[in-house]
Amino acid sequence: MKTEAVLFAGVAAFFLVTDVLYAVWSRDPTGTAALTISFLMALLVAFFFATTYRRKGLRPEDRGDGMIHERSGPVDFFSPYSIWPPLTAVGVALLALGVVFGLWLFLIGLGLALAGVFGMVFQYARVQD
């Protein structure tokens with residue numbers, strides 16, 4: 001993760017220099033805002049990678065003596081059957097159509113999308129007695 005942190009820090013530095021030069025010479029607020037947001041997003045990714053590297057250290061693929069079996073094992077838990085992702089997709093599609101066709105369709109899509117997201121988040125939440 002250290003290499004990725006340095007790489008994205010370089011990208012952030014490029015956007016910062018470009019942003020300052022663009023702001024001085026063009027006086028265009030739209031482009032300046034876009035470059036500022038690009039700088040902040042690259043800086044956020046660099047910060048994430050640097051923090052992850054400090055917490056977890058080198059990964060097996062970062063070391064020269066790293067072996068394949070060091071990274072093996074279960075990746076994560078994925079729900080085999082769930083209604084929530086398709087419901088979220090339908091909700092987001094209706095949200096986009098609602099922008100074009102009217103507020104009533106937007107609100108229906110918003111309700112479906114929120115129900116789908118909350119369903120995915122709390123699908124396996126259990127109340128402890």
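What you are looking at is a predicted structure, and each value in this text was computed from that prediction instead of being measured. These numbers come from the heavy atoms of this one structure, side chains and all, not from hydrogens, waters or symmetry mates.
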For residues 110-118, please give each side-chain donor-acceptor pair under 3.5 Å, one per line with the distance, not counting sequence neighbours.
none

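- Chaining together hydrophobic side chains whose heavy atoms lie under 4.5 Å apart leaves Y81 on its own.
- Here D28 contributes atom CG and Y22 contributes atom OH; the two are 4.0 Å apart, rounded to the nearest 0.5 Å.
- Cluster membership for W84 and V90, using ILVMFWY side-chain heavy atoms within less than 4.5 angstrom, is shared.
- When the side-chain contact (heavy atoms from CB on, under 4.5 Å) test is applied to I37, the partners found at least two apart in sequence or on another chain are M41.
- In the hydrophobic clustering of ILVMFWY residues, with side-chain heavy atoms under 4.5 Å counting as a link, V100 and W104 come out together.
- Transitive grouping of hydrophobic side chains (ILVMFWY, heavy atoms separated by less than 4.5 Å) brings L95 and L107 into a common cluster.
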Could you go through residues 49-56 and list every donor-acceptor pair under 3.5 Å that involves a side-chain atom there, pairing it with any protein atom two or more places apart or in another chain?
unit_1, atom_1, unit_2, atom_2, d
T51, OG1, F47, O, 2.8
T52, OG1, F48, O, 2.8

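- Tracing side-chain contacts under 4.5 Å through hydrophobic residues (I, L, V, M, F, W, Y), one never reaches V121 starting from L87; they form parts of separate clusters.
- A 6.0 Å sphere centred on CD1 of I83 holds no more than 12 heavy atoms belonging to other residues, nucleotides or ligands.
- Partner F106 forms a side-chain contact (heavy atoms from CB on, under 4.5 Å) with one of V99, L94, L97 and no other, that one being V99.
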Only pairs under 3.5 Å count here: list side-chain donor-acceptor contacts from residues 6-19, not counting sequence neighbours, and write none if there are none.
unit_1, atom_1, unit_2, atom_2, d
T18, OG1, F14, O, 2.7
D19, OD2, T36, OG1, 2.6

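- Under the side-chain hydrogen bond (donor to acceptor under 3.5 Å, both in side chains) criterion, S26 pairs with no residue, sequence neighbours left out.
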